[in-house]
Amino acid sequence: MRWPFRSFEKVSVAVKAPILAVSACAILLSGCAGKGEVDATGGISAVRSVCPPVAIPAATGDITLFDPVTSRDQSAIDVAGFMTNVRSTCADATDQVVTNVTFDVRARRTRTEAARDVTLPYFITVVRGGSAVVAKRIGRVALHFAAGQALASASATTTATVSRAAATLPEDVREKLTRKRKAGDQDAAVDPLSTPEVRQAVLRASFEALVGFQLTDDQLKYNATR
């Protein structure tokens, strides 16, 4: 997913290392390989942005309402909805990086005789380092079913804010990740992320914006096991 007008750091990903492994390529230096290209160090260049990637967590992109609410029979499904077409734009020109997230909700109902309005709750969270939730907000999206219609759709927009300072790697860590290494150097074949302090610094500066339906425990269990 791409965001316009974003500031970025360019680093090199070691070919044989795991997905998070990064090795040498100077930040924002002319002559550095472009995104996805092999650079002079033999690594693959990648872009690390202060803008958080946006995704739907597993098992939270669908919601099912039952009538009666205690039933889980197929015949008891009242409304079934899903989240789709998630897109984002990022404004990173200030100390606060603001990501605007827009998504669509599409739903189907079983009984179509009368017009009906249904409101579905959703959340947006900011996650740091892959596991720590640092912010969460609940929103609601309203859908209108016209009389005789089984389908309805609506769009919603929400935002996630991350501190630029928190999402920026410290200078000493950037130096370790981007320092050019020559063949024969003692640490030439050493992945900088094998150093615990470097790995932890990268995790601390890594954020995600996650959006999904705000589900009850029963709804989440239903999604995970159906």
Side-chain angles (χ1 to χ4, degrees), residues 1-6 19 49-92 96-162 167 206-226:
M1 189 174 293
R2 298 179 179 177
W3 296 271
F5 313 114
R6 63 183 181 185
I19 190 169
S49 173
V50 294
C51 296
V54 178
I56 301 174
T60 67
D62 299 86
I63 188 169
T64 305
L65 307 182
F66 290 89
D67 186 12
V69 295
T70 56
S71 175
R72 290 300 177 264
D73 293 336
Q74 188 78 12
S75 60
I77 292 178
D78 181 25
V79 176
F82 65 95
M83 195 174 288
T84 186
N85 197 24
V86 177
R87 58 266 190 207
S88 65
T89 58
C90 181
D92 62 353
Q96 297 298 313
V97 178
V98 179
T99 300
N100 294 297
V101 181
T102 302
F103 59 91
D104 299 332
V105 173
R106 298 174 185 171
R108 176 186 292 273
R109 62 173 176 164
T110 301
R111 293 183 292 276
T112 62
E113 296 81 9
R116 181 181 176 188
D117 294 310
V118 175
T119 301
L120 301 176
Y122 67 86
F123 68 85
I124 184 165
T125 62
V126 176
V127 178
R128 187 177 196 176
S131 60
V133 175
V134 296
K136 181 176 181 179
R137 186 166 63 254
I138 304 298
R140 288 170 175 76
V141 57
L143 299 107
H144 176 73
F145 293 92
Q149 290 187 341
L151 303 178
S153 62
S155 295
T157 300
T158 186
T159 60
T161 303
V162 172
S206 299
F207 293 84
E208 299 170 280
L210 304 179
V211 61
F213 287 112
Q214 180 66 21
L215 304 174
T216 65
D217 289 343
D218 286 343
Q219 288 171 329
L220 189 59
K221 182 179 178 180
Y222 175 79
N223 283 357
T225 59
R226 63 177 177 171

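All values below were derived from every heavy atom in this structure, side-chain atoms included, with hydrogens, water molecules and symmetry-related copies excluded. Quick caveat, the model's predicted, so the values are computed rather than measured. When a residue number appears, it is its place in the shown sequence, counting from 1.
Distance CZ/Arg106 to OG/Ser155: 8.5 Å, rounded to 0.5 Å. Between the CZ atom in Arg108 and the CZ atom in Phe145 there is a gap of 9.5 Å [rounded to 0.5 Å]. In this structure, CG on Asn100 lies 12.0 Å from CZ on Arg87, to the nearest 0.5 angstrom. Here the straight-line distance linking atom CZ of Arg111 with atom CZ of Arg116 works out to 6.5 Å at 0.5 Å rounding. We find the OG1-CZ distance between Thr84 and Phe103 to be 11.5 Å, quoted to the nearest 0.5 Å. In this structure, CG on Asp67 lies 9.0 Å from OG1 on Thr110, to the nearest 0.5 angstrom.
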Which is it for Thr158 and Tyr122 under the side-chain contact (heavy atoms from CB on, under 4.5 Å) test, yes or no, and what are the steps along the way?
CA-CA 10 Å; Thr158 186; Tyr122 67 86; 4.0 Å; yes
Are Thr159 and Arg137 close enough, and set up right, to give a side-chain hydrogen bond (donor to acceptor under 3.5 Å, both in side chains), and what steps lead you there?
CA-CA 9 Å; Thr159 60; Arg137 186 166 63 254; 3.1 Å; yes
side-chain contact (heavy atoms from CB on, under 4.5 Å) evaluation trace for Phe123 with Ile138
CA-CA 4 Å; Phe123 68 85; Ile138 304 298; 3.8 Å; yes
Full working for side-chain contact (heavy atoms from CB on, under 4.5 Å) between Val118 and Arg109
CA-CA 10 Å; Val118 175; Arg109 62 173 176 164; over 6 Å; no
Between Lys221 and Thr216, is a side-chain contact (heavy atoms from CB on, under 4.5 Å) present by the stated rule, with each step listed?
CA-CA 9 Å; Lys221 182 179 178 180; Thr216 65; over 6 Å; no
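Of all heavy-atom pairs between Glu208 and Gly130, the closest is OE1-CA, 3.9 Å. Heavy-atom minimum distance, Asp73 versus Phe66: O-CE2, 3.6 Å. Heavy atoms only, all atoms of each residue included: Ile124 and Ala160 are closest at CD1-CB, 3.9 Å. Pairing each heavy atom of Ile63 with each of Pro121, the nearest pair is CD1-CD, 4.4 Å. Nearest heavy atoms, Pro57 versus Leu210: CG-CB, 3.8 Å. Scanning all heavy atoms of the two residues, the minimum distance from Ala107 to Leu143 falls at CB-CD2, 4.0 Å.
Residues Thr161 and Val126 form no side-chain contact, since every pair of their non-hydrogen atoms from C-beta on lies 4.5 Å or further apart. Contact of the Thr64 side chain with the Ile77 side chain is registered, since non-hydrogen atoms from C-beta on lie closer than 4.5 Å. At a threshold of 4.5 Å between non-hydrogen side-chain atoms, the residues Leu65 and Leu120 count as touching. You'll find the side chain of Asn223 stays beyond 4.5 Å of the side chain of Thr60, heavy atoms only.
Under the 3.5 Å distance criterion, the side-chain polar atoms of Asp104 are left unmatched by any main-chain donor or acceptor of Ser153. Listed for the Thr125 side chain is no donor-acceptor partner under 3.5 Å among the backbone atoms of Val127.
Within a 6.0 Å sphere centred on CG of Asp217, other residues, nucleotides and ligands contribute 12 heavy atoms or fewer. A 6.0 Å sphere centred on CZ of Arg140 holds no more than 12 heavy atoms belonging to other residues, nucleotides or ligands.
The stretch residues 123-134 participates, sequence neighbours left out, in no salt bridge (Lys or Arg N to Asp or Glu O under 4.0 Å) pair at all.
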